[in-house]
Amino acid sequence: MPPNKTPGGPRKVLIVDDHAVFREGLLRILSQEKDLTVCGEVEDATTALQKVAQLKPDLAIIDVSLEGMSGIDLTKQLRSRHPALRILVLSMHKETLHAERALRAGAHGYIMKRESGRKLLGAIRHVLQGHTYISEEFSEHMLGNLSPRTGKKSVSPIERLSDRELEVFRLIGQGYGTRQMADSLHLSIKTIEFHRESIRAKLNLKNTFELVQHAIHWNFYERDSF
């Protein structure tokens, strides 16, 4: 029996995305499938944690970029609290930056929003069957990095950031101040300041102004600017 099987009915899916238009589109796609049903849709991580506990979905589809807590952090918390829950991370952002992070956090798959509805449905069913889903392109990318013939892996500056540093960088670009970031991530102000300095050093930025400008630019241009 597939993990977390809902007996006698379609598999229940919870959508977690902060764009209402996208949630509506995904709802329309899934509503046409007899073996799938959307049991809920939410726009933030805090509500998602509550709804998973209440609705007990078989699968959560989670966007990487949410207000406050990121989809990666949400994935970690859900996997800790609900080990049987299957998680598919869905994002507009490039796989080389987020897919591996999502899988390390406990997600069972990663697919980009630009993919067709057919591919998305295939990914959903693949994950619900107990498998891990990644695209063929990213699979080849990962295998290429493991091959001794490819030489040293080329890593962009943004990929050198840790998961927490990337989250802080994302929040800086969304206009969060140090206190707001500390409250949102449940960290001390001193820890946030440490992460800011580490990010600035890794990205070779001269000062706080450059850090903020680059963070805004990165957020605005879909995390593909580095």
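We use all heavy atoms of the structure for the numbers below, so side chains are in, but hydrogens, waters and symmetry mates are not. Just so it is clear, the model here is predicted, and its values are computed rather than measured.
With 3.5 Å as the limit, one finds no donor-acceptor pair spanning the side chains of Arg125 and Gln129.
Nearest heavy-atom pair across Ile111 and Glu115 is CG1-CG, 3.7 Å. Across all non-hydrogen atoms, the minimal contact from Ala102 to Val89 is CB-CG2, 3.9 Å. A pairwise comparison of heavy atoms in Val13 and Pro57 identifies C-CB, 4.5 Å as the closest pair. Minimum interatomic distance between Leu49 and Gln77 (heavy atoms only, all atoms of both residues): CD1-OE1, 3.6 Å. Residue Leu161 comes nearest to Arg101 through the heavy atom pair O-NH2, 2.7 Å, listed as atom of the first residue, atom of the second, then distance. Taking each heavy atom of Leu59 and Leu128 in turn, the nearest pair found is CB-CD2, 3.8 Å.
The hydrophobic clustering, which links ILVMFWY residues whose side-chain heavy atoms are closer than 4.5 Å, places Ile62 and Val52 together. If you chain together hydrophobic residues whose side chains sit under 4.5 Å apart, Ile199 and Ile189 never meet in one group.
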| query | For Val168 and Met181, what are the C-alpha separation, side-chain angles and deciding distance, and is it a side-chain contact (heavy atoms from CB on, under 4.5 Å)? | reply | CA-CA 7 Å; Val168 170; Met181 284 188 280; 3.7 Å; yes
| query | Where do Leu36 and Leu30 land on the side-chain contact (heavy atoms from CB on, under 4.5 Å) test, with the steps shown first? | reply | CA-CA 6 Å; Leu36 302 171; Leu30 296 181; 3.9 Å; yes
| query | Does the pair Thr191 and Leu185 meet the rule for a side-chain contact (heavy atoms from CB on, under 4.5 Å), with working shown? | reply | CA-CA 10 Å; Thr191 300; Leu185 300 177; over 6 Å; no
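Checking side-chain atoms of His108 against main-chain N and O of Ile87 turns up a donor-acceptor pair under 3.5 Å. Although no hydrogens or angles enter the test, the distance criterion places a donor-acceptor pair under 3.5 Å between the side chain of Arg86 and the main chain of Val127. Of the possible donor and acceptor atoms, one in the side chain of Lys202 sits under 3.5 Å from a partner among the backbone N and O of Arg160. Proximity of a side-chain donor or acceptor of Ser184 to a complementary backbone N or O of Gln180 within less than 3.5 Å is not detected. Side chain of Ser198 to main chain of Phe194: no donor-acceptor pair is present (N/O by atom type, distance under 3.5 Å, no hydrogens or angles).
The pair Glu167-Arg170 counts as a salt bridge, with a side-chain nitrogen and a carboxylate oxygen less than 4.0 angstrom apart. Between Lys51 and Asp44 there is no salt bridge, since none of the side-chain N atoms of the basic residue sits less than 4.0 Å from a carboxylate O of the acidic one. Note on Arg200 versus Glu210: no salt bridge recorded, every NZ/NE/NH1/NH2 to OD/OE distance being 4.0 Å or above. Under a 4.0 Å N-O distance rule, the pair Asp58/Lys12 does not qualify as a salt bridge.
With sequence neighbours excluded, the residues forming a side chain to side chain contact (heavy atoms under 4.5 Å, CB included) with Asp183 are Arg179, listed by chain and number.
Leu66 has its side chain within reach of Leu74: a pair of non-hydrogen atoms, C-beta onward, lies under 4.5 Å apart. Side-chain contact between Asp17 and Val42 is absent, with no heavy atoms from C-beta onward closer than 4.5 Å. Side-chain contact check for Thr178 versus Arg196: some heavy-atom pair is nearer than 4.5 Å. Between Val16 and Leu14, some side-chain heavy-atom pair lies under the 4.5 Å cut-off. Side chains of His214 and Leu203 form no contact here, defined as non-hydrogen atoms less than 4.5 Å apart. The shortest distance between side-chain heavy atoms of Leu205 and Gln213 does not fall below 4.5 Å. Side-chain atoms of Gln174 and Ile216, non-hydrogen and from C-beta on, never get closer than 4.5 Å to each other.
Between Trp218 and Phe169, the ring planes lie tilted relative to each other; the angle falls in the 30° to 60° range.
Separating the CG atom in Leu121 from the CD atom in Glu33 is a distance of 4.5 Å, to the nearest 0.5 Å. To the nearest 0.5 Å, atom CD1 of residue Ile15 and atom CG of residue Leu90 are 9.5 Å apart.
Applying the salt bridge (charged side-chain N to carboxylate O under 4.0 Å, His left out) test to every pair with at least one member in residues 18-30, sequence neighbours left out, gives these pairs: Arg23-Glu41.
His19 NE2: 12 or fewer foreign heavy atoms inside a 6.0 Å radius. Other residues, nucleotides and ligands contribute at most 12 non-hydrogen atoms within 6.0 Å of the CG atom of Asn204.
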